[in-house]
Amino acid sequence: MQRGTNLGRLGDFNQAVIFESIRRAVDGVSRVELAGSTGLSPQTISNVVRRLLDEGLVREDRTIVSGPGKPRTVLELESNRMVAVGIHLDPGVITVVILNLRGEILHSRRLDIPAVEVPEKTIETMATTVDEIISESGVPRSNVLGVGVVVAGPLDPERGVMIDPPLLDGWKDVDMVGPLHRLLKLDVIIEKDTIAASIAEQWKGNDAERDNFVTMYVGAGIGAGMVLNGEIHRGISNNAGEIGHYSTGVISQDCNICGRNDCLHASLSFNMIAQQARERGLNLTAPDDGNAEERAAGMNEIVALAQSGNEVAVELIRECMGHVGQVAGQLCNTLDVGLVILAGPLWAEVDEWCLEDVRAIINERFSSKHVHAIEVRSSTLGHEVGAIGGACAIMDASLSPKAAALLLR
């Protein structure tokens, strides 16, 4: 948890620190407890809390008696005072959610295997869906902080542009922010899917170990999100987490991007998986080298076979996720974190078969295993983790304390 500073010129940072402390206190928190956890003076606490009460972001809920002294008033979050919308564009699915300040989903919508070949049509579909769920929620539009649209990298967040996502045909240099802002008349930001997943996990979790962890995002593509010392690691261009060309240690096929034959991208490309599936006797209707929709449909076929009890499909999926575990273990060696969270639309479908294997692989690969183990667990956010992360990114940008605010200019 961030601690505040009693320098007067940093009031906005202090307000964010105090608000975050109240937001994370599930059962409420008193002013005295806030002073203890944030390091701020009682006067600073009192001034900031008064502002939060005036803005309707918190309320005085009840009084408690704890030992000598006067009773303490408990502050509670007004969780539905403000909301944010998240959109996740994945080659296989578009997910839209609206979250309150606790990160709770008020409404959601899933559009399976949408027609994503035409960016303009897809963006219009996103805007229409956002309008619908805001209307369904009953929240005044003025209480919507904005929209976080989550996409595969690489991207240029300053311009709001997707650069050239490898698994989305026809989406090179597509402006996502401008058109959505014009259609929705709301603030819009763009966020990378792996980073958004980590923001979602950070916002939804209260445990201290989430100050240092890795999120392995497993969807149509694979990537990593990293939280170090409580801060999302973005890199200088907001494109950190590209792990597709790390070596898995297993020869598969030549990669058409990096030229190696043992990278994660090559091992998990759909044509490679489909080839192995057919060699093992699985009948797939999707072509090996189809478009984005066909590749997503083909992977869904393999998952459906596994869910129906086909052991060949289950074993193939386990092998694929084992490659993810190998790379996750390398990241743990580099960053020395204690927690790996596996998340994403595809992982949500396969975790029941793969979690134990991946946990064992990561811990075996971890070179400091005799010092500490790596906790490995599945996200509880399911296929909506990317969209949740988009909404949380809006709230994070608006409400969370940032270390950069401590730089005196």
Exceeds 12 heavy-atom contacts within 6.0 angstrom, atom NZ of K172: no
One thing to verify: whether E242 and K192 come together as a salt bridge, which I'm taking to mean a side-chain N less than 4.0 angstrom from a carboxylate O. yes
Counting only heavy atoms not in E158, do more than 12 fall under 6.0 Å of its CD? no
Gap between atom CD of E55 and atom CZ of F19 - 0.5 Å precision: 9.5 Å
Might you work through the side chain to side chain contact (heavy atoms under 4.5 Å, CB included) test for L186 and H181, ending with a clear yes or no? CA-CA 6 Å; L186 292 168; H181 175 68; 5.7 Å; no
Do N47 and Q43 have side-chain atoms, one donor and one acceptor, less than 3.5 Å apart? yes
Side-chain heavy atoms of D187 within contact of I189, under 4.5 Å: no
Give a yes or no on whether a salt bridge exists between D54 and R51, defined as a side-chain N under 4.0 angstrom from a carboxylate O. no
Got L331 and I243 here, is their nearest side-chain heavy-atom distance under 4.5 Å? yes
Quick one about T44 and N14 (side-chain donor to acceptor, distance below 3.5 Å, no hydrogens or angles considered), yes or no? no
Please give me the minimum heavy-atom distance between L101 and W203, naming the atom from each residue. O-CZ3, 3.5 Å
Rounded to the nearest 0.5 Å, how far apart are CE of M126 and CG of L184? 11.0 Å
Apply side chain to side chain contact (heavy atoms under 4.5 Å, CB included) to the pair V85 and V83, showing each step before the final yes or no. CA-CA 7 Å; V85 177; V83 300; 5.7 Å; no
Partners of E301 by salt bridge (charged side-chain N to carboxylate O under 4.0 Å, His left out), sequence neighbours excluded? none
Decide, yes or no, whether a salt bridge links E78 with R102 under the criterion of side-chain N to carboxylate O below 4.0 Å. no
Checking S137 side chain against V139 main chain: does a donor-acceptor pair fall under 3.5 Å? yes
Do L342 and Y217 make a side-chain contact, defined as non-hydrogen atoms from C-beta onward lying under 4.5 Å apart? no
Might you work through the side chain to side chain contact (heavy atoms under 4.5 Å, CB included) test for L305 and L282, ending with a clear yes or no? CA-CA 9 Å; L305 286 169; L282 298 181; 4.2 Å; yes
Donor-acceptor contact below 3.5 Å, side chain T248 vs main chain D262: yes
Hey, are the side chains of I273 and M299 touching, using non-hydrogen atoms and a 4.5 Å cut-off? yes
Whether over 12 other heavy atoms sit under 6.0 Å from L228 CG: yes
What side chain to side chain donor-acceptor pair (under 3.5 Å) pairs are there with at least one residue in residues 333-346, not counting sequence neighbours? N333-S367, D336-H372
Any heavy-atom pair between the side chains of I317 and C354 that's under 4.5 Å? yes
Could you tell me whether the side chain of N300 and the main chain of G298 form a donor-acceptor pair under 3.5 Å? no
Heavy-atom pair of closest approach, residues I302 and A277: CD1-CB, 4.4 Å
Atom pair CG/CD1 of L75 and I22 - distance to nearest 0.5 Å: 5.0 Å
Looking only at the side chains, is there a donor atom on one of T122 and T125 sitting less than 3.5 Å from an acceptor on the other? no
For atom CD of Q307, decide whether the heavy atoms of other residues, nucleotides or ligands shown that lie under 6.0 angstrom number more than 12. yes
Are any of the side-chain nitrogens in R278 or D288 under 4.0 Å away from the carboxylate oxygens of its partner? yes
So, for V150 and G390, which heavy atoms are closest and what is the spacing to 0.1 Å? CG2-CA, 3.4 Å
Listed partners of P165 passing side chain to side chain contact (heavy atoms under 4.5 Å, CB included), at least two apart: A152, M162, L168, W171
Rounded to the nearest 0.5 Å, the CD1 atom of I341 sits from the CD atom of Q202 at a distance of 10.0 Å
Do NZ/NE/NH1/NH2 and the carboxylate oxygens of D131 and K185 come within less than 4.0 Å? no
Test item: L111 and V93 side chains (from C-beta on) under 4.5 Å apart, heavy atoms: no
Please determine whether a side-chain nitrogen of the Lys or Arg among K121 and E124 lies less than 4.0 Å from a carboxylate oxygen of the Asp or Glu. no
Between Q330 and Q326, is any side-chain donor less than 3.5 angstrom from a side-chain acceptor? no
Just do the salt bridge (Lys or Arg N to Asp or Glu O under 4.0 Å) check on E191 and R234 with the steps written out, would you? CA-CA 10 Å; E191 193 65 83; R234 297 176 175 276; 2.7 Å; yes
Of all residues at least two apart in sequence or in a different chain, which pass the ring-ring contact (aromatic ring centres under 6.0 Å, His included) check with H265? H245
When rounded to the nearest 0.5 angstrom, what is the spacing between CG in L155 and CG in D193? 8.5 Å
List the steps, then state whether side chain to side chain donor-acceptor pair (under 3.5 Å) holds for E33 with S30. CA-CA 5 Å; E33 291 168 323; S30 70; 3.3 Å; yes
Which residues pass the side chain to side chain donor-acceptor pair (under 3.5 Å) test with R182, sequence neighbours left out? none
Does one side chain, of W347 or S379, offer a donor that lies under 3.5 Å from an acceptor on the other? no
To check you understand the geometry: which heavy-atom pair defines the closest contact between A35 and I45, and what is its length? N-CD1, 4.0 Å
Apply salt bridge (charged side-chain N to carboxylate O under 4.0 Å, His left out) to R31 and list each qualifying residue two or more places apart in sequence or on a separate chain. E60
So, S308 and N310: side-chain donor and acceptor under 3.5 Å apart, yes or no? no
Under 4.5 Å between any side-chain heavy atoms of V358 and V324, yes or no? no
For T38 against S21, the heavy-atom pair lying closest together: CG2-OG, 3.6 Å
Does any part of the side chain of V227, heavy atoms only, come nearer than 4.5 Å to the side chain of H233, both counted from C-beta? no
Between N363 and V376, does a side chain to side chain contact (heavy atoms under 4.5 Å, CB included) hold up when you go through it step by step? CA-CA 9 Å; N363 276 282; V376 181; 4.2 Å; yes
Using every non-hydrogen atom in the two residues, find where P157 and I190 come nearest and quote the distance to one decimal. CA-CG2, 3.6 Å
Going by an N to O cut-off under 4.0 Å, is there a salt bridge joining E201 and R377? no
Nearest 0.5 Å please: distance from the CG atom of L346 over to the CG atom of D351. 10.0 Å
Within the supplied structure, the quantity of interest is the number of heavy atoms (other residues, nucleotides, ligands) at a distance under 6.0 Å from H107 NE2; does it exceed 12? yes
Check this for me: does any side-chain nitrogen of one of E356 and R318 sit under 4.0 Å from a carboxylate oxygen of the other? no
